[in-house]
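Along the sequence shown, residues carry numbers from 1.
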Amino acid sequence: MLNLVDIKRRKSKTAKIGTLLIGSEHPISVQSMTSCDVKDIKSTMEQISKLEAAGCDLIRIAFPDIQSCQLIPIIKSKTKTPIMADVHFNYLIALEAMRYNIDGIRLNPGNIKKEKQIIQVVEEAQKKKVMIRFGINAGSLNKNIIEKYKEPNYLALVEETEQLLEFLKNIEYQNIVISIKSSNVLDTIKANKIIAQKCDYPLHIGITEAGFDQPGIVKTAAGISILLYEGIGDTIRVSLTGDPVNEVLVAHDILRTLNIRKIGLNLITCPTCGRCQVDIYKIAKKIETSLHDIKTPITVAIMGCIVNGPGEAKFADAGIAFSKKEAMLYRKGELIGRYNTKEAIVMLQKEIKLISGQ
Ligand code: SF4
């Protein structure tokens, strides 16, 4: 018989960045990254507040040079969300970022390779209680590993991560998160599954450089969902080309779909067919955009006719089923009113706001 089990998370330690705890004892967090030049501080702060409003728990910012770290106090004074500095090539940027009290550092062992330098960063992080994420990325693996495997496949990702784990065995400081990413979904899944069994560090998961719009979302959802269903992943980042706010929305959609963490509207809309007399796409879009700031988990059904409408609406917090002449509004399966299309949309918006308490 098919054995259906709920998601059982892999046990991992707890890492701490600012006020955010990452690990199997804590909710799976959502993170994203600003996409503008940090030196454009106005755009950076605008993006940060949009990411926060969308439900981002941790924000990463690229600090391309030592001077840019001077902006950290300005950024931190205007946000409560933990900030992680993305550091590549030069370990001195990590040290400088910590001098300015950054909450976390992302290091790439593929381009900061000298053990002495990494140890210096780890020692400073220990002093300042700064979390470090070691991010292994298929696009920047060590040359010797690429030469051995000829391509950045999952075996190459695993070997590079194993080298990191060997190094971490000798490190006292354990406020560490690991990520292993590739733009290849299957390589990412395989590598994470192997490494998940070899250590108990919290894992940050995602499909790197997944692309944009629909293909990027599908790739990401496939990779992240499979790992999460296997219990792997303590924090997620969706990597999409474009507005980073979409990354956060997609991340929450994935968590909501898997029943892991629910915030905001869960929209059930029918695909429409010849029976439908209204523009369900337009109506659903209107509901979604006008109520995007609602954080309370609410299931809303928007159905094109009475075939499945009342049935779906019964199990939703709020639902609307259109018929030829009118629309029926439901509250937890109970019919609470009949309206024309225009009125029905307004009444549904009111009903959702009422349930949300926002
Ligand atoms: S709910 Fe009605 S309109 Fe929508 S797809 Fe089903 S039968 Fe068609």
Side-chain angles (χ1 to χ4, degrees), residues 5-33 48-60 79-84 103-104 106 129-135 174-181 188-189 192-193 195-196 199-207 217 220-240 244-267 292-299 317 355-358:
V5 289
D6 282 327
I7 295 171
K8 192 163 173 262
R9 277 177 75 183
R10 152 191 173 265
K11 283 244 169 296
S12 60
K13 308 186 230 249
T14 294
K16 186 170 188 281
I17 174 164
T19 51
L20 181 70
L21 300 171
I22 300 173
S24 57
E25 298 301 313
H26 310 284
I28 293 172
S29 47
V30 167
Q31 47 181 298
S32 184
M33 192 169 176
I48 288 174
S49 62
K50 282 183 190 162
L51 287 169
E52 283 172 336
C56 190
D57 303 304
L58 165 55
I59 297 171
R60 183 155 50 111
T79 176
K80 286 198 172 80
T81 307
I83 302 291
M84 173 174 275
D103 301 305
R106 184 268 167 118
K129 296 188 169 53
V130 167
M131 190 191 92
I132 299 180
R133 170 163 70 93
F134 286 97
Q174 291 294 300
N175 192 12
I176 284 166
V177 169
I178 290 177
S179 64
I180 310 127
K181 292 188 189 175
T188 305
I189 293 170
N192 274 279
K193 282 183 75 169
I195 294 302
C199 71
D200 62 355
Y201 289 108
L203 291 177
H204 158 134
I205 59 166
I207 305 299
I217 293 171
T220 298
I224 292 181
S225 298
I226 288 171
L227 283 169
L228 289 177
Y229 191 72
E230 302 249 347
I232 298 168
D234 300 293
T235 178
I236 65 175
R237 193 251 166 135
V238 168
S239 305
L240 295 174
V245 168
N246 288 335
E247 298 187 346
V248 178
L249 300 179
V250 171
H252 279 292
D253 279 342
I254 293 171
L255 294 178
R256 191 188 302 111
T257 303
L258 294 175
N259 245 349
I260 291 175
R261 191 176 161 192
K262 297 177 179 180
I263 74 165
L265 297 190
N266 171 31
L267 279 183
H292 75 277
D293 56 338
I294 284 187
K295 295 284 174 280
T296 316
I298 301 173
T299 299
D317 296 304
I355 298 170
S356 77
Q358 275 181 235

Exercise for the section: Please name all residues satisfying salt bridge (Lys or Arg N to Asp or Glu O under 4.0 Å) with Arg106, sequence neighbours left out, ordered by chain then number. Expected result: Asp86
Exercise for the section: Might you point out which heavy atoms bring Gly135 and Ser179 nearest each other, and give the distance in Å? Expected result: CA-OG, 3.1 Å
Problem - Heavy-atom side-chain proximity of Lys193 to Ile232 below 4.5 angstrom - result: yes
Practice task
Could you pull out all residues at least two apart from Thr188 that satisfy side-chain hydrogen bond (donor to acceptor under 3.5 Å, both in side chains)?
Solution key: none
Handout entry: Heavy-atom side-chain contact between Asn266 and Ile298 under 4.5 Å
Key = no
Fill in the blank from the handout: Nearest heavy-atom approach of Val248 to Gly55 is CG1-C, 3.7 Å
Practice task
Report the residues that fulfil side-chain hydrogen bond (donor to acceptor under 3.5 Å, both in side chains) with Arg237, sequence neighbours left out, ordered by chain and then residue number.
Solution key: Glu247
Handout entry: Contacts of type salt bridge (Lys or Arg N to Asp or Glu O under 4.0 Å), residue Lys16, not counting sequence neighbours
Key = none
Practice task
Using side-chain contact (heavy atoms from CB on, under 4.5 Å) as the criterion, list what pairs up with Glu52, not counting sequence neighbours.
Solution key: Ile48, Ser49, Ile59, Thr79, Thr81
Exercise for the section: Check the pair Thr235 / Ser29 against side-chain hydrogen bond (donor to acceptor under 3.5 Å, both in side chains), numbers first and verdict last. Expected result: CA-CA 5 Å; Thr235 178; Ser29 47; 3.0 Å; yes
Exercise for the section: Give the intermediate values and the outcome of side-chain contact (heavy atoms from CB on, under 4.5 Å) for residues Leu240 and Thr220. Expected result: CA-CA 9 Å; Leu240 295 174; Thr220 298; 4.3 Å; yes
Exercise for the section: Would you name the heavy atoms of Ala221 and Ser225 that are closest together and state the gap between them? Expected result: O-OG, 2.6 Å
Handout entry: Set of side-chain contact (heavy atoms from CB on, under 4.5 Å) partners for Leu249, sequence neighbours left out
Key = Ala54, Val245, Asn246
Exercise for the section: Applying side-chain hydrogen bond (donor to acceptor under 3.5 Å, both in side chains), name anything that partners Arg10, two or more places apart in sequence or on another chain. Expected result: none
Exercise for the section: Please report the closest heavy-atom contact between Asp200 and Lys11, naming both atoms and the distance. Expected result: CB-O, 3.9 Å
Practice task
Taking all heavy atoms of Val130 and all of Gly104, pick out the closest pair and write down the distance.
Solution key: CG1-CA, 3.6 Å
Handout entry: Salt bridge Arg60-Asp103, side-chain N to carboxylate O under 4.0 Å
Key = no
Problem - Any Leu203 side-chain heavy atom under 4.5 Å of Val177 side chain - result: no
Fill in the blank from the handout: Those residues at least two apart in sequence (or on a different chain) that pass side-chain hydrogen bond (donor to acceptor under 3.5 Å, both in side chains) with Asp317 are Lys332
Practice task
For residues Ile176 and Arg133, determine if any side-chain heavy atom of one lies less than 4.5 Å from a side-chain heavy atom of the other.
Solution key: no
Completion exercise
Residue set satisfying side-chain contact (heavy atoms from CB on, under 4.5 Å) with Lys295, at least two apart, ordered chain then number -> Ile263, Gln358
Fill in the blank from the handout: So CD1 of Ile355 and CG of Leu265: to nearest 0.5 Å the spacing works out to 9.5 Å
Handout entry: Pair His204-Lys181, side-chain hydrogen bond (donor to acceptor under 3.5 Å, both in side chains): steps then yes or no
Key = CA-CA 9 Å; His204 158 134; Lys181 292 188 189 175; 2.7 Å; yes
Practice task
Please name all residues satisfying side-chain contact (heavy atoms from CB on, under 4.5 Å) with Leu228, sequence neighbours left out, ordered by chain then number.
Solution key: Ile28, Ile205, Ile224, Ile236, Ile254, Leu255, Leu258, Ile260
Exercise for the section: Count the heavy atoms belonging to other residues, nucleotides or ligands that lie under 6.0 Å from NZ of Lys13, then report whether that count exceeds 12. Expected result: yes
Under 3.5 Å, which donor-acceptor pairs link side chains of residues 18-27 to any protein atom two or more places apart or in another chain?
residue: Ser24; atom: OG; partner: Ser12; partner atom: N; Å: 2.8
residue: Ser24; atom: OG; partner: Ser12; partner atom: O; Å: 3.1
residue: His26; atom: NE2; partner: Thr14; partner atom: OG1; Å: 3.0

